[in-house]
Amino acid sequence: MPKLDPSQLRAADPLQPWYYLHNARTLINHCYQLYSDLLTPWQQQWSAWQALGQEAQALLVRMLMRKGELFFARQLIYSEIKHPEQALAELQALDWLEPDPEVSQAELANCLTLAQVKELLAQRLGRVPSKLRANTWLGLLPADTAEHQAWSAWWPQGPRLYRVKHQLWWQELQLLFFGNAHQDMTDFVLSELQTRRYEPLPWHPDNRPFANREQLLLYQQLNTLAKALEAGEPVCAIAAQLMALPELGWMTHSRDKLMLRLGLEAQRQGNLELAEQLWHTSQHPEAKVRLLRLLKPRLRAAELVALGLELRQGVQQPEYWLALERVIWPRQPLEQRQWLGQALTAPKVTSLVLAKGEQRVEQQVLQAMAQQGWQGQHVENHLFVGLFALCFWPAIFAPVKGAFFNPFQDRPRDLFHPDFASRRQDIMADCWQQWQREDYRQLLLERWQAKQGTACSLIHWPKLPLTLVEQALACIAKEHLTAIFTRLWQDLRHHSRGLPDLILFDQQGNYQLMEVKSPTDRLQDQQRLWLAFMQQQGIPACVCQVRWQ
DNA sequence: ACAGTACAGTTATCC
DNA sequence: CTGTCCACAG
DNA sequence: GGATAACTGTACCTGTGGACAG
Ligand SMILES: [Mn+2]
Ligand SMILES: [Mn+2]
């Protein structure tokens, strides 16, 4: 059985020699033992990997973890690998390494230093141009130069060059192990160095990120298309591929987000038709707002309202209702808008005149309030979302089936899913029950002590010092916190944004929240909604409108 | 519904 | 020569 | 002059050394 308990992966500081090899073995073994049904195209690689000696495995891992596929022999010297020549020969024999590979012009430009380019050009052209720039010297080659040539043909007397093979194998294993494309081997290292600590979780063989190979491939396709958009490839081509994807299951949201972004790019390029099509297909609420705005010039007032109402049906989040309303009735005060069911209470606003300084405006307001006897912190979302996470920690990290599949997760996969709480009813009930107890403050402080530093996506530990938690628990009424937690559970993704900038405490144990606005800044919708909610709940919150001078 | 996200600051444009 | 960037390392 | 949209910057481990541009 693979060992997935982070505490067992943790080593003394500094790292052991061969740490990267051990990490790679952990990853590879884990994948082949648990996901062998997803790795059918890569069966030979398993035995070819097993057949390698320690130094050859180590050298391979070193190469796979570096950027690109091409390496000069002199770049493959590592102190722990005593016999690099033997390792290279082994890798070559088992088809991990290609000596004297075919190299494209782009690859050539990438792997050579300018000093090497000088030598190469001297041989090929018989002269060395005086000015050599990294991104233009390829143009000095004769126009009929082949796009691809064997390395030895590019530079007959040049140093030895190798191409490492099966990079796709390695990328796929990493994707399988982590279950996402954003984590990599550095997570092992950071965990071992104790730069990060992860919640230890019992491991279960049913916890797999991908149910089958099709899902894995679809994930990769989505990723490729996202990168293509980033790289500025033609939007039409990307859109065509995106539209052609089959049912994506749990990845539908990623597709919708990508369609939204692609539509923005299409609009930027003037392709309004494509933008409309993408935003029509995407179920992302922001896409509906964009769609309405795009169509607005073509519609009469009544049609606009009708379309807005229609789009509103498919959008659950009030944040986006406000945005839809703004398209239809721009510059209308919130109280006059109609769809929210109840009018949005306008927030209390206080004014403050300050001399414009170097610091951020929030810091300046803090100082000004300190002179009026209010000590405080710039906390943004971190305080309330952090307290929330402490309170519901056992539910967040409950070992629900399918929620955790790698040892370096800072949240369960379904944290933002609407069904998150209902899948954890018992443990949620426990958390609420503990919260109702008289000694809830003590319990939360103990939780802070126990979990401090452990990675949790809802907590930024530097912004949640013990003193702040103590002060917050001492001064904020329990009903206020309960109300805030309840609203957070309604839509964790959207409601964990837009909480006020500052929390302030006075000598009598009162507190107040403050959203700071510089003259050029405006309230965002999420901030409006939180402020209105707090107003209703009797939570002391206001907007501090700063003026300069 | 699942790694891009959050917020402030700047500019341009509209009304 | 200097500062910036970025790949790499732990 | 306020509202609005669009875009940018910065943070998410830290340190080092080579390569490059000026
Ligand atoms: Mn803020
Ligand atoms: Mn603010």
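Computed from a predicted model, the values in this text were never measured in an experiment. In what follows, chains are A, B, ... by sequence order, proteins preceding strands, each numbered from 1.
- Phosphate contact (OP1/OP2 of dG10(C), side-chain N/O of R62(A), threshold under 4.0 Å): present.
- Listed pair Q332(A) / dC15(B) fails the phosphate criterion, with no side-chain N or O lying under 4.0 Å from OP1 or OP2.
- Side chain to side chain, Q317(A) and D491(A) fail the donor-acceptor criterion of an N or O pair below 3.5 Å.
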(request) Please step through salt bridge (charged side-chain N to carboxylate O under 4.0 Å, His left out) for the pair E80(A) and R62(A), ending with a clear verdict. (result) CA-CA 11 Å; E80(A) 76 279 6; R62(A) 286 284 196 186; 2.9 Å; yes
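- Base pairing annotation: dA1(B) forms no Watson-Crick or G-U wobble pair, as no partner gives both donor-acceptor distances under 3.5 Å.
- With respect to D525(A) and R326(A), a salt bridge is recorded, a charged nitrogen being found less than 4.0 Å from a carboxylate O.
- Side chains of F420(A) and L492(A) form no contact here, defined as non-hydrogen atoms less than 4.5 Å apart.
- Distance, M63(A) CE to dA9(C) C1': 17 Å, rounded to whole Å.
- The phosphate of dG9(B) has OP1 or OP2 within less than 4.0 Å of a side-chain N or O from S518(A).
- Minimum atom distance to the side chain of R133(A) is reached by dA21(D), of the listed dA8(B), dA21(D), dC13(D).
- Residue V189(A) places its side chain closer to dG10(C) than to any other of dC20(D), dC13(D), dG10(C).
- Counting to the nearest Å, the C1' atom of dG4(B) and the CZ atom of R493(A) are 10 Å from each other.
- Nearest to the side-chain atoms of E380(A) among the listed nucleotides dC8(C), dC13(D), dC7(B) stands dC7(B).
- Between the P atom of dA3(D) and the CH2 atom of W329(A) lies a distance of 19 Å, rounded to the nearest Å.
- Checking the phosphate oxygens (OP1, OP2) of dA6(B), no side-chain nitrogen or oxygen of N381(A) falls inside 4.0 Å.
- Pair check for dA3(D) finds dT13(B); Watson-Crick or G-U wobble, both atom distances under 3.5 Å.
- Between F533(A) and W530(A), the ring planes lie perpendicular to each other; the angle is over 60°, past the 30° to 60° tilted range.
- The side chain of R497(A) lies closest to dA6(B) when the candidates are dA21(D), dA6(B), dA9(C).
- Taking 3.5 Å as the limit, the base of dA1(B) and the side chain of H253(A) contain no donor-acceptor pair of atoms between them.
- Residue contacts for E515(A): at a heavy-atom cut-off of 4.0 Å it reaches the sugar-phosphate backbone alone, with no base atom in range.
- Using a cut-off of 4.0 Å between Lys/Arg side-chain N and Asp/Glu carboxylate O, E276(A) and R298(A) are scored as salt-bridged.
- For Q524(A) and dA8(B), the shortest distance from a side-chain N or O to OP1 or OP2 is below 4.0 Å.
- Side-chain proximity of T195(A) to dA6(D), dC13(D), dA9(C): nearest is dC13(D).
- One interatomic measurement links the two molecules: CG of D410(A) to P of dT5(B), which rounds to 14 Å at whole-angstrom precision.
- Nucleic acid contact for Q527(A): sugar-phosphate only, since backbone atoms but no base atoms lie under 4.0 Å from a heavy atom of the residue.
- Comparing the P positions of dT4(C) and dG9(D) gives a spacing of 16 Å, expressed to the nearest Å.
- Checking dC20(D), dT4(D), dC7(B) against every side-chain atom of Q526(A), the shortest atom distance belongs to dC7(B).
- Between Y35(A) and H30(A), the ring centre distance stays below 6.0 Å.
- Among the atoms of the strands shown, none is found under 4.0 Å from any heavy atom of L415(A).
- Here the C1' atom of nucleotide dA9(C) and the CD atom of Q16(A) are 17 Å apart, to the nearest Å.
- Across all strands shown, G249(A) has no heavy atoms under 4.0 Å from either base or sugar-phosphate atoms.
- Taking every side-chain heavy atom of A134(A) into account, dC20(D) is the closest of dC8(C), dC20(D), dA8(B).
- When side chains are defined from C-beta on, Q54(A) counts as touching R25(A), because their heavy atoms get closer than 4.5 Å.
- The CG atom of D256(A) sits 16 Å away from the C1' atom of dG4(B) (whole-angstrom rounding).
- Between K257(A) and dA3(B) there is no side-chain N or O to OP1 or OP2 distance below 4.0 Å.
- The D501(A) side chain lies nearest to dC7(B) when the options are dC7(B), dA9(C), dA5(D).
- Proximity of K517(A) to the phosphate of dA8(B): a side-chain N or O atom is located under 4.0 Å from OP1 or OP2.
- Phosphate contact (OP1/OP2 of dA6(D), side-chain N/O of R290(A), threshold under 4.0 Å): present.
- Taking side-chain N and O atoms only, K67(A) has no distance below 4.0 Å to OP1 or OP2 of dC8(C).
- If you check every strand for non-hydrogen atoms under 4.0 Å, T520(A) touches a base.
- Residue Q183(A) is out of contact with every strand shown, counting any heavy-atom pair closer than 4.0 Å.
- Atom pair Y219(A):OH and dA1(B):C1' shows a separation of 13 Å (rounding to whole Å applied).
- For the pair E172(A)/C31(A), no side-chain contact is recorded, criterion being any heavy-atom separation below 4.5 Å from C-beta on.
- Distances shorter than 4.0 Å separate none of the side-chain N or O atoms of R522(A) from OP1 or OP2 on dT4(D).
- Here the side chain of R293(A) is nearest to one of dG10(C), dA6(D), dA21(D), namely dA6(D).
- Phosphate proximity of dC7(D) to R268(A): present, with a side-chain N or O under 4.0 Å from OP1 or OP2.
- Contact annotation: Y20(A) side-chain N/O to dA9(C) OP1/OP2 distance is not under 4.0 Å.
- Taking atom P in both dC8(C) and dA5(D), the straight-line distance is 43 Å, to the nearest Å.
- At dT13(B), none of the side-chain N or O atoms of R331(A) fall inside 4.0 Å of OP1 or OP2 (strictly under the cut-off).
- Here the nucleotide nearest the side chain of T113(A), chosen from dA21(D), dA9(C), dA19(D), is dA19(D).
- A distance of about 16 Å separates the P atoms of dA11(D) and dC6(C), rounded to the whole Å.
- Taking atom CD on Q317(A) and atom P on dA1(B), their separation rounds to 8 Å, with Å as the unit.
- Within 4.0 Å (heavy atoms only), Y78(A) reaches sugar-phosphate atoms of the nucleic acid but no base atom.
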